[in-house]
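What follows is a short report on a single structure.
Chain letters run A, B, ... following the sequence lines, proteins first, then strands; residues in each count from 1.
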Amino acid sequence: MSVRGGGLQRVVAIFIKDLKSYYSKAPVISWGILFPLTVIALLDLSARMLGEYRVVPAMLSITMLFASTSMSQVAVSFEKLSGAMQRVLYMPVGSAELVVAKSLGGIIYGIGGTGLAGILAYIMTGHVAMIRPAYFLAGVVLGSTLYSALSVLVSLYYNPVQAVAVLNIIRFSMIFLGGTLFPKALLPRILAGLAYFFPSVYITDLLRFGMYNTWEYVDPLTSLIVTAILLAATLYIAHRLALKVMLP
Amino acid sequence: MGGYAIEVEGLVKRFGRVYALRGLSFRVPRGETYGLLGPNGAGKTTTIRAIAGALRPTRGRVSVLGLDPSREPLRVKALVGVVPELPSLFPELTVRENLLFIARVYGIPSGEAERRMRELLEFMGLEAVASRRYGQLSKGLKRRADIAAALLHDPEVVLLDEPTGGLDVVAASRLRERLAALRRSGKTILLSTHNIGEAAELSDRLLVIYRGAKLVEGTPSMLRRALSARRITVYYRAGGSEVEASRLEEALQEALASYDPSGLRVAPGSVSVTVKRALDALWAIRETLESLGLKVEDVEVLPPSWEDVLLHHIEEAEEGGRTCRCGVGGSSAW
């Protein structure tokens, strides 16, 4: 999947237009900013019981998930609703370019939101550990990109109303079953096993390893590889789907 | 490719079990305005999407300026400007921001983009609303902005899908004036509409499609001439006896059977119908009315309206199960 000559210009143009149009939309504010803030506040209470190394990476992971998926979903669904997606489909924009451009806003929001949550964590705990910053950074960038591309895929495939419902199922499954909110030790064995099917397990463990040099579910190298494979698979499927949407 | 900007040959498109297009063929010479006419659901939008590289045909061949849109969609999209059926710009951006965004996507240098934007805003009468959000514009202004957006990259071929659909009479008439000016610019235009008057006014040639297939093709005057019929309206007065409309309609259908009637309308005090051999048919109507105790007061005989022409062909196709399978580029049903 490559962006052809002149493609970068098209990708950037669509990305800037998306930021201008959608960054202040209600779903982005509520799901991308307010909801993660509420979760952060709740997690602050549990941090004292469960330990900082469990709670802070989970908090950052949840923020990343909601920030990136909400922005990408709005950027696709609002255009489907307004009819403007039709215009995009008639323009010389390749399917790979469309997926990358539509994911970019979510990636930036995911990274920015995680940074904001990190600042809040610092305020709450008085310090932020960062023992292996490269792993942390890889977790943030790969995670935001994966979540954003996943959201683009869902929003392209489903109609706008269905997309919201499907994304909420994915988001809340990741929070409660995907190794972010509940520590592995607190989950029944079957649910702990189920957690491995969610990308959030690997992303949260990458953040945890980057910050505290420890992991809960999967070792960091495996997490890195699995996340990269999931990202490549998601981008590939989104690209194929975009192709189908653009030339049915 | 000769002098044809668009060539469509045996185009078939199936969505599941439904055939949207059934072997449609036509050619549009360069620089011509070609009207694609038909009722809702005839397959006009599907045809436009296939030509624009936004739909892969099930069977058949499409060529736009020598390129196959399903194989080289990006190259075709760069050469074609499309005005979709519904408003399609970004509602949160102003008209100017929308045009700037489109210029960036098409890789138009900023100086050139500014110049073209100024020209198009003036041409479409949008200067006063250039800084207003697209989502806040009236339907008519939105359509003008849609057309400006489609012309920004100076395409050789312009595809207009129902450009005046949903507009009031004034807005539609003003938009038609601009479309007429666009026609004079020498671009190849494919105009899809269900408004036959509009198609006849703006097109060099017309193609009527129905249920995904070609019905008739020709110049507007050929189409009108081909229907050697007249629209007769007879005004009558009830001579003391009341006649049910259904009974009158039945009697007229019977009396006019040999005159190839279409579009029969029975209203209180008048009947109108399009028929061949108008004078003889007029006598038949008079006799029918008088046999029912109704007195003829006045008579009006006019050439058929464009709507009558379209209805005539569609009714004929429905009755005979006929769709034109003739060759492209000028041969027609007559």
Side-chain angles (χ1 to χ4, degrees), chain A residues 1-29 71 74-98 100-102 104-105 160 239-240 242-248, chain B residues 13-16 20 45-46 48-58 69-94 97-98 100-109 113 133-135 142 145-146 149-150 152-153 155 159 161:
Chain A
M1 195 168 91
S2 67
V3 177
R4 285 166 228 177
L8 186 62
Q9 186 185 349
R10 290 192 281 271
V11 166
V12 171
I14 294 173
F15 162 63
I16 291 170
K17 183 265 299 166
D18 283 354
L19 280 190
K20 257 187 199 167
S21 300
Y22 308 121
Y23 75 94
S24 60
K25 287 284 176 202
V28 175
I29 302 289
M71 180 68 188
V74 164
V76 176
S77 294
F78 269 60
E79 277 177 16
K80 276 187 167 181
L81 281 171
S82 71
M85 185 55 84
Q86 196 70 21
R87 168 72 57 189
V88 177
L89 299 184
Y90 284 128
M91 293 196 298
V93 176
S95 51
E97 291 165 14
L98 183 71
V100 172
K102 288 293 172 193
L104 262 182
H239 165 59
R240 299 298 304 174
L243 202 62
K244 219 173 165 185
V245 169
M246 295 172 100
L247 198 60
Chain B
K13 182 64 192 178
R14 202 181 64 187
F15 295 103
T45 300
T46 306
I48 285 198
R49 288 180 66 200
I51 293 168
L55 192 77
R56 198 187 295 279
T58 306
S70 62
R71 286 175 196 269
E72 299 182 272
L74 296 190
R75 285 185 70 192
V76 169
K77 285 174 185 179
L79 297 169
V80 170
V82 185
V83 179
E85 189 177 359
L86 296 171
S88 61
L89 292 182
F90 304 95
E92 305 300 324
L93 303 183
T94 66
E97 285 170 340
N98 264 294
L100 266 177
F101 162 67
I102 288 164
R104 282 191 197 117
V105 171
Y106 281 92
I108 304 169
R133 281 189 182 187
Y134 176 77
K142 275 184 182 161
D146 288 338
L152 192 66
H153 61 292
L159 309 176
D161 195 358

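Looking at B:N98, neither its backbone nor its side chain comes within 4.5 Å of chain A, counting heavy atoms on both sides. Residue B:E85: no heavy atom, backbone or side chain, is found under 4.5 Å from chain A. Looking at B:P91, the atoms closer than 4.5 Å to chain A (heavy atoms on both sides) all sit in the side chain, from C-beta outward. With a 4.5 Å cut-off on non-hydrogen atoms, A:I16 does not touch chain B at all. Proximity to chain A (any heavy atom under 4.5 Å) is shown, for B:R49, by both the backbone and the side chain. Contacts between B:L55 and chain A at a heavy-atom distance below 4.5 Å involve backbone atoms as well as side-chain atoms. With a 4.5 Å cut-off on non-hydrogen atoms, B:A149 touches chain A through its backbone and its side chain both.
Note on B:L93, B:L100, B:L86: by heavy-atom pairs under 4.5 Å with chain A, the leading option is B:L93. Taking A:M246, A:M85, A:M91, A:E79 one by one and counting their heavy-atom pairs under 4.5 Å with chain B, the maximum is reached by A:M91. Interface summary for chain A: among B:V80, B:V82, B:V83, B:D146, the most heavy-atom pairs under 4.5 angstrom belong to B:V82.
Minimum interatomic distance between A:A84 and B:L89 (heavy atoms only, all atoms of both residues): CB-O, 3.6 Å. Taking each heavy atom of B:P73 and A:L247 in turn, the nearest pair found is CG-CD2, 4.4 Å. Summarising the geometry of B:A54 relative to A:Y90, their closest heavy-atom pair is CB-CE2, 3.7 Å, with the distance given to 0.1 Å.
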Open item on the list: Walk me through whether B:I102 and A:R87 qualify under side chain to side chain contact (heavy atoms under 4.5 Å, CB included).
Closed with: CA-CA 10 Å; B:I102 288 164; A:R87 168 72 57 189; 4.3 Å; yes

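Under a 3.5 Å cut-off, the side chain of B:E92 and the backbone N or O of A:K20 do not form any donor-acceptor pair. Using a distance-only test at 3.5 Å, with no hydrogens or angles considered, a donor-acceptor pair links the side chain of B:K77 to the main chain of A:L89.
Side-chain contact between B:F90 and A:V88 is present, with heavy atoms from C-beta onward closer than 4.5 Å.
Note that CD of A:Q86 is 9.0 Å distant from CG of B:D161, once rounded to the nearest 0.5 Å.
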